[in-house]
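Computation of the quantities below employed the complete heavy-atom set of this structure, encompassing side-chain atoms and omitting hydrogens, waters and symmetry-equivalent molecules. Count residues from 1 along the sequence.
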Amino acid sequence: MNAINRRRFMQLAGGTAAMSALSAPIARAAAIPANRRTGSIQDIEHIVVLMQENRSFDHYFGTLRGVRGFGDPRPVTQPSGKPVWNQSDGSREVLPFRPEKDDLGMQFIQGTPHGWNDGHRAWNNGNYDKWLPNKGTTTMAHLTRDDIPFHFALADAFTICDAYHCSLMGPTDPNRYYMWTGYTGNDGKGGGPVISNAELGYGWTTYPERLEQAGVSWKIYQDIGDGLDGPGSWGWTNDAFIGNYGDNALLYFNQYRTAAPGNPLYDKARTGTNSKAGEGFFDILRADVKANRLPQVSWIVAPEAFTEHPNWPVNWGAWYTAQVLDALTANPDVWSKTALLITYDENDGFFDHVVPPFAAATPQQGASTVATTGEFYAGQGGAIAGQYGLGQRVPMLVVSPWSTGGWVCSETFDHTSIVRFIEKRFGVQEPNISPWRRAVCGDLTNAFDFGHTEHKVPKLPSTSTYVPADHDRHPDFVPVPPAVGALPKQERGLRPARALPYDLAADAHAGADGRLRLDFDNRGQAGATFLVTSTTHAAGPWTYTVEPRRTLSGTWDVSADPNGLYDFSVHGPNGFMRQAKGKAGVLVADVTARHNGDHQLVEVTLVNESTRTIDLTVTDAYGHRNGNGNDNSQGDNNNQGGNRDSYRLRPGARATHTARLNKSNGWYDLTVACWQDDTFTRRLAGHVENGRPSTSDPATITV
């Protein structure tokens with residue numbers, strides 16, 4: 001470290017006492033400013049991916065402040081009418097719970113089923129209500145900051161993505177194929193499609209091959225051990241502290257299996273490090289960093305015991321991640337140009353409450369403005385038919401000099417987003433990624449700030465106590481749910497939030513003929529999937545994918561309900577939600593909403609469609625007032641104070657309710673009700689983007 005960097009480090013750390021409290025590699029990382037030659041993604045010269053094993057987002061971070069976790073104010077409702085948290089096996093309900101066990105981060109927590117069939121049955125065509133019958137009660141177990149302090153500290157120091165999904169509702173290998181090839185052989189070529197950990201040998205083109213052809217340097221860093229040279233490595237019996245646990249999925253492709261020394265597919269995909277835990281795991285990686293030999297793209301594959309796979313302690317993985325950071329920060333010049341992406345291949349069977357976006361399989365299930373080819377598996381050999389994905393949310397931590405400051409990025413991503421981030425930086429395209437995924441999932445660039453990054457010392461705890469005391473796998477710890485469940489509380493506090501590319505609308509229009517129409521409008525810069533659910537109509541859920549500057553509509557006959565009622569909800573990215581309730585065939589009011597990012601407000605238009613004068617109230621959960629006062633020339637606005645405004649509208653009259661959102665940093669949650677018809681409700685919630693950073697949703701604060 002040169003004299004300037006050393007002085008900067010001392011200033012940031014606040015002296016020797018503060019330095020001693022920090023993890024040394026992170027302190028180094030904080031002291032090293034980002035390389036800002038262009039103020040763009042071109043300043044990144046090295047992309048490193050560490051993909052760990054089998055944890056869901058809620059399982060790790062449901063209680064973290066400032067993310068869409070257990071404090072989500074707008075969870076999806078199951079067909080039963082209960083929120084998605086209340087999972088039932090038919091005889092009892094289990095809510096998310098923290099297992100009663102000391103030192104939980106060092107326990108060998110029981111794994112859960114996580115195959116294609118049980119995953120799709122838990123998802124239940126989007127109804128999302130069969131987790132317990134297919135996963136067991138351990139699915140609802142979660143951890144907290146006290147259990148995994150290093151993971152939480154990483155999130156507080158850098159950037160966490162709370163809408164990052166695994167790519168497929170199924171096990172490890174297919175998800176890693178998405179990360180390394182953009183799909184899982186969905187078109188049937190090269191031995192695909194692959195929906196299990198079959199490891200039979202495949203032949204489609206991988207992304208490292210495309211990088212090699214384009215002259216972009218790459219390498220896999222892993223540990224030497226059994227399983228490098230052929231099939232069966234998932235079940236290898238060698239010491240779990242060496243080897244790659246079968247997670248180097250490139251080695252299941254025939255072109256890598258048959259490659260000989262001297263071939264890049266052999267030399268670069270089989271890079272090994274030392275074989276003893278704690279004795280130089282990362283000698284080759286550290287040597288490459290120090291010598292300025294770190295490739296432009298690298299993947300790191302951990303040994304079994306350090307993958308964070310259930311049946312192994314989470315905090316052993318924390319220790320391993322700390323060693324990765326120690327190696328990458330060994331050369332300040334290299335770290336100043338490096339982005340480290342830490343994620344998880346799939347969720348195991350651990351519950352996550354956000355229903356993942358998925359493409360409509362039939363016209364009866366919804367529609368899409370973009371082609372959905374390759375997103376539906378027909379089923380064969382005992383495997384049921386269903387959508388490939390997206391899968392459940394998994395953690396993604398963006399660790400780099402351009403992502404410090406404890407941010408959250410809530411754009412929808414999946415494993416193909418990693419490929420697209422590399423595409424964006426190095427210009428090497430991956431044709432295997434489907435058009436639907438390119439429309440729905442971002443390329444991770446919005447998780448970075450290439451213009452200005454705060455330089456604060458991340459206070460990451462030491463991981464020295466996480467070094468394994470022995471090399472044994474201990475008996476499973478089986479969590480027992482409490483007799484009486486309660487939804488966990490989320491930490492208090494907001495989190496700075498990255499600007500997102502969304503500007504969405506979903507308007508409900510009830511007809512006198514007993515039909516309900518939903519109009520989906522995408523005025524943003526990224527595609528979005530809308531999930532439509534109903535507690536009164538059992539044929540759903542439905543899914544609508546809309547590209548930027550496109551619209552779609554769906555229509556339902558709502559007259560068939562025995563009580564003549566309808567209740568439909570729409571969920572979209574970043575907490576977007578609309579709800580329409582009423583009585584079939586009864587016209588009350590037409591309610592539409594539009595975002596105004598320039599002035600950070602939402603404008604709600606109210607039109608009396610009935611033949612009588614009606615009184616509408618607009619209740620604001622965030623406490624905003626109507627910014628226009630009495631702005632309806634054909635009706636009367638009776639301001640009541642507080643968070644409620646009233647409008648008396650004659651037949652055919654209209655009013656505009658304008659909520660200025662400065663107080664809530666762009667967040668809104670409005671409910672429109674009618675005094676003359678207590679069945680009528682329109683709820684409109686979400687976030688208005690203006691191209692600038694914001695904060696997390698204030699309504700997620702539950703403690």
Using the ring pair (Phe, Tyr, Trp, His ring centres under 6.0 Å) rule, take Phe421 and Phe448 through it: C-alpha gap first, then chi angles, then the decisive distance, then the call. CA-CA 11 Å; Phe421 186 68; Phe448 293 80; 4.9 Å; yes

Salt-bridge test for [X] and [Y]: reply yes if a basic N is under 4.0 Å from a carboxylate O, no otherwise.
X      : Y      : result
Glu430 : Arg210 : yes
Glu346 : Arg176 : no
Arg437 : Glu375 : yes
Lys135 : Asp348 : no
Arg286 : Asp326 : yes
Lys268 : Glu209 : no
Arg473 : Glu304 : yes

Is there a donor-acceptor contact under 3.5 Å from the side chain of [X] to the main chain of [Y]?
X      : Y      : answer
Thr38  : Ser40  : yes
Arg121 : Pro133 : no
Asn175 : Pro171 : yes
Ser403 : Thr159 : no
Gln107 : Asn311 : no
His46  : Leu294 : yes
Asn117 : Ile384 : yes
Asn124 : Lys130 : no
Gln110 : Phe477 : no

Determine, step by step, whether Thr172 and Glu53 satisfy the side chain to side chain donor-acceptor pair (under 3.5 Å) criterion, reporting the C-alpha distance in whole Å, the side-chain angles of both residues, the deciding distance to 0.1 Å, and the verdict. CA-CA 8 Å; Thr172 285; Glu53 282 267 1; 3.0 Å; yes

Determine the interplanar angle of the [X] and [Y] rings, folded into 0 to 90°, and report it as parallel if under 30°, tilted if 30 to 60°, perpendicular if over 60°.
X      : Y      : result
Phe61  : Phe152 : tilted
Trp131 : Phe351 : perpendicular
Trp316 : Trp312 : tilted

Check the side chains of [Y] and [X] for a donor-acceptor pair under 3.5 angstrom, ignoring hydrogens and angles.
X      : Y      : value
Tyr207 : Glu212 : no
Asp162 : Ser410 : yes
Gln52  : Thr307 : no
His353 : Asp58  : yes
Gln42  : Arg425 : yes
Asn54  : Asn347 : no

Write down the atom of [X], the atom of [Y], and the distance for their closest heavy-atom approach.
X      : Y      : answer
Trp335 : Leu325 : CH2-CD2, 4.2 Å
Ala359 : Gln365 : O-OE1, 4.1 Å
Val370 : Pro435 : CG2-O, 3.7 Å
Tyr320 : Pro303 : CE1-CD, 3.4 Å
Thr112 : Thr139 : CG2-N, 4.1 Å
Ala360 : Gly366 : CB-C, 3.6 Å

[X] [atom1] to [Y] [atom2] distance, which is reported to the nearest 0.5 Å:
X      : Y      : atom1 : atom2 : answer
Gln387 : Phe376 : CD    : CZ    : 5.5 Å
Arg55  : Asp345 : CZ    : CG    : 11.5 Å
Lys424 : Ile44  : NZ    : CD1   : 12.0 Å
Ser167 : Asp414 : OG    : CG    : 3.5 Å
Asn248 : Gln222 : CG    : CD    : 4.5 Å
Ile47  : Ser298 : CD1   : OG    : 9.5 Å

For Tyr252 and Asn254, what are the C-alpha separation, side-chain angles and deciding distance, and is it a side chain to side chain contact (heavy atoms under 4.5 Å, CB included)? CA-CA 6 Å; Tyr252 305 130; Asn254 295 327; over 6 Å; no

Within 6.0 angstrom of [X] [atom1], more than 12 heavy atoms from elsewhere:
X      : atom1 : answer
Gln213 : CD    : no
Lys337 : NZ    : yes
Gln525 : CD    : no

Beyond-backbone contact of His151 with Asn315, side-chain heavy atoms, under 4.5 angstrom: yes

State, yes or no, whether a side-chain contact exists between Asp288 and Lys219 at a heavy-atom distance under 4.5 Å. yes

Using the ring pair (Phe, Tyr, Trp, His ring centres under 6.0 Å) rule, take His165 and Phe413 through it: C-alpha gap first, then chi angles, then the decisive distance, then the call. CA-CA 6 Å; His165 297 255; Phe413 301 123; 9.7 Å; no

Run the ring pair (Phe, Tyr, Trp, His ring centres under 6.0 Å) check on Trp299 and Tyr221 step by step: do they pass? CA-CA 6 Å; Trp299 293 268; Tyr221 292 93; over 10 Å; no

Assess the residue pair Val399 and Leu328 against the criterion (side chain to side chain contact (heavy atoms under 4.5 Å, CB included)); give the C-alpha distance rounded to whole Å, side-chain angles, the decisive distance to 0.1 Å, and a yes or no. CA-CA 11 Å; Val399 181; Leu328 292 176; over 6 Å; no

With Phe358, which of Leu390, Thr545, Leu531, Asn125 fulfils side chain to side chain contact (heavy atoms under 4.5 Å, CB included)? Leu531

Could you give me the CA-CA distance, side-chain angles and deciding distance for Ile220 and Val301, then say whether side chain to side chain contact (heavy atoms under 4.5 Å, CB included) is met? CA-CA 7 Å; Ile220 311 296; Val301 182; 3.9 Å; yes

Evaluation steps, side chain to side chain contact (heavy atoms under 4.5 Å, CB included), between Leu341 and Val48: CA-CA 6 Å; Leu341 307 176; Val48 181; over 6 Å; no

Working for side chain to side chain donor-acceptor pair (under 3.5 Å), residues Gln392 and His114: CA-CA 11 Å; Gln392 279 66 39; His114 51 280; over 6 Å; no

With Tyr183, which of Tyr178, Tyr177, Tyr377, Trp204 fulfils ring pair (Phe, Tyr, Trp, His ring centres under 6.0 Å)?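 Filter result, single survivor: Trp204.
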
